[in-house]
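Written out below as structure tokens is the structure these notes cover.
Quick note: numbers below take in every heavy atom, side chains included, and nothing from hydrogens, waters or symmetry partners. The first residue in the sequence is number 1, and the count goes up from there.
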Amino acid sequence: MSLVGKKFPNVTIDAMSEMGDDLRINILEEATSNQQKVILFWYPKDFTFVCPTELHAFQDALDEFAKRNTKVIGASCDTNEVHFAWLNTPKDNGGIEGVTYPLLADTHRQLANILGIVDQDFEYNEDGEETFTGSNVTYRATYLIDETGKIFHESVNDMPLGRNVKEYLRLIDAYTHVQKHGEVCPANWEEGKDAMKADRTSTAEYLAKN
């Protein structure tokens, strides 16, 4: 079930800073109390394959997110201790040394299960006993949250598929344009391109030009 248009769940989760500090982070409060947007991206596991490429890609774009008043937060179901070990593993050895944004450690899968992004399923065998299937880790889910705590974008990739960080910057630009100007953003809109009013006349004029 989609959560777009709804408030982000009001849940506080353990997290780890790049300096090894144990944190407690509530995504809803991060957005509303600090009046900033938040991008929360989930990845399956520390010390894996596609995951470090994504964490470094978000780190490389950190200044661009900051320009847009957007905080970056990563998340998985690993523990704080495993996060810190990975943060201290050099990039050329598959680690994420140099990543400076916080990482949620949702070890009990409390938030991940609320969001419905864990690869798990429960079935019953012939004896009526409940059996578990699935990897029990999260898919590559991404949430964009605005300053009121509302989710304005969500997406979920299967585990082999890495994300395009630039697309999230584009989506934040588009949503900010909507907030500031009350216009709507057509397909493939980018900063500096024409947007439209939400009426048939404006749509017709835009299509005539494009």
Pair [X] + [Y], salt bridge at N-O below 4.0 Å:
{"X": "E54", "Y": "R163", "result": "yes"}
{"X": "R68", "Y": "D173", "result": "yes"}
{"X": "D158", "Y": "R140", "result": "no"}

How about [atom1] on [X], more than 12 heavy atoms from neighbouring residues, nucleotides or ligands closer than 6.0 Å, or not?
{"X": "N164", "atom1": "CG", "result": "yes"}
{"X": "K197", "atom1": "NZ", "result": "no"}
{"X": "R24", "atom1": "CZ", "result": "yes"}
{"X": "F49", "atom1": "CZ", "result": "no"}
{"X": "K166", "atom1": "NZ", "result": "no"}

Using a distance-only test with no angle check, is there a side-chain donor-acceptor pair under 3.5 angstrom linking [X] and [Y]?
{"X": "Y139", "Y": "D119", "result": "yes"}
{"X": "T142", "Y": "Y168", "result": "yes"}
{"X": "T70", "Y": "Q36", "result": "no"}
{"X": "T89", "Y": "E97", "result": "no"}
{"X": "D14", "Y": "N80", "result": "no"}

Taking the side chain as everything from C-beta on, heavy atoms only, tell me whether [X] gets closer than 4.5 Å to [Y].
{"X": "L111", "Y": "P9", "result": "yes"}
{"X": "N69", "Y": "Q35", "result": "no"}
{"X": "P44", "Y": "C51", "result": "yes"}
{"X": "H153", "Y": "V4", "result": "no"}
{"X": "P102", "Y": "I73", "result": "yes"}

Checking R170 against E190 for the salt bridge (charged side-chain N to carboxylate O under 4.0 Å, His left out) test, could you report, in this order, the C-alpha distance in whole Å, the side-chain angles of both residues, the deciding distance, and whether it holds? CA-CA 6 Å; R170 188 194 74 82; E190 295 176 341; over 6 Å; no
Stepwise side-chain contact (heavy atoms from CB on, under 4.5 Å) check, Y143 with L115: CA-CA 10 Å; Y143 298 87; L115 296 172; 3.5 Å; yes
Under a 3.5 Å distance rule, please check whether E154 uses its side chain to pair with a backbone N or O of L3 as donor and acceptor.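 Such a contact is found between E154 side chain and L3 backbone.
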Kindly list each side-chain donor-acceptor pair under 3.5 angstrom involving residues 179-186, sequence neighbours excluded, with atom names and distances?
from, atom 1, to, atom 2, distance (Å)
Q179, OE1, K37, NZ, 2.9
Q179, NE2, E147, OE1, 3.1
E183, OE1, H177, NE2, 2.8

Least distance between heavy atoms, G95 atom then H56 atom: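 Heavy-atom minimum between the residues: O-NE2, 2.8 Å.
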Between D78 and D106, is the side-chain contact (heavy atoms from CB on, under 4.5 Å) condition met? List the steps. CA-CA 7 Å; D78 293 282; D106 189 16; over 6 Å; no
Please identify which of these residues, N10, I13, T32, meets the side-chain contact (heavy atoms from CB on, under 4.5 Å) condition with N26.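 Checked N10, I13, T32 against N26; only one passes side-chain contact (heavy atoms from CB on, under 4.5 Å): N10.
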Check V99, I96, N93 against P52 for a side-chain contact (heavy atoms from CB on, under 4.5 Å) and give me the one that passes.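 For P52, the side-chain contact (heavy atoms from CB on, under 4.5 Å) check succeeds only for I96.
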Could you check whether the rings of Y101 and F58 sit parallel, tilted or perpendicular, using 30° and 60° as the cut-offs?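 Taking F58 first and then Y101, their aromatic rings stand perpendicular (interplane angle over 60°).
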Where do Y175 and D146 land on the side chain to side chain donor-acceptor pair (under 3.5 Å) test, with the steps shown first? CA-CA 9 Å; Y175 189 77; D146 73 10; 2.7 Å; yes
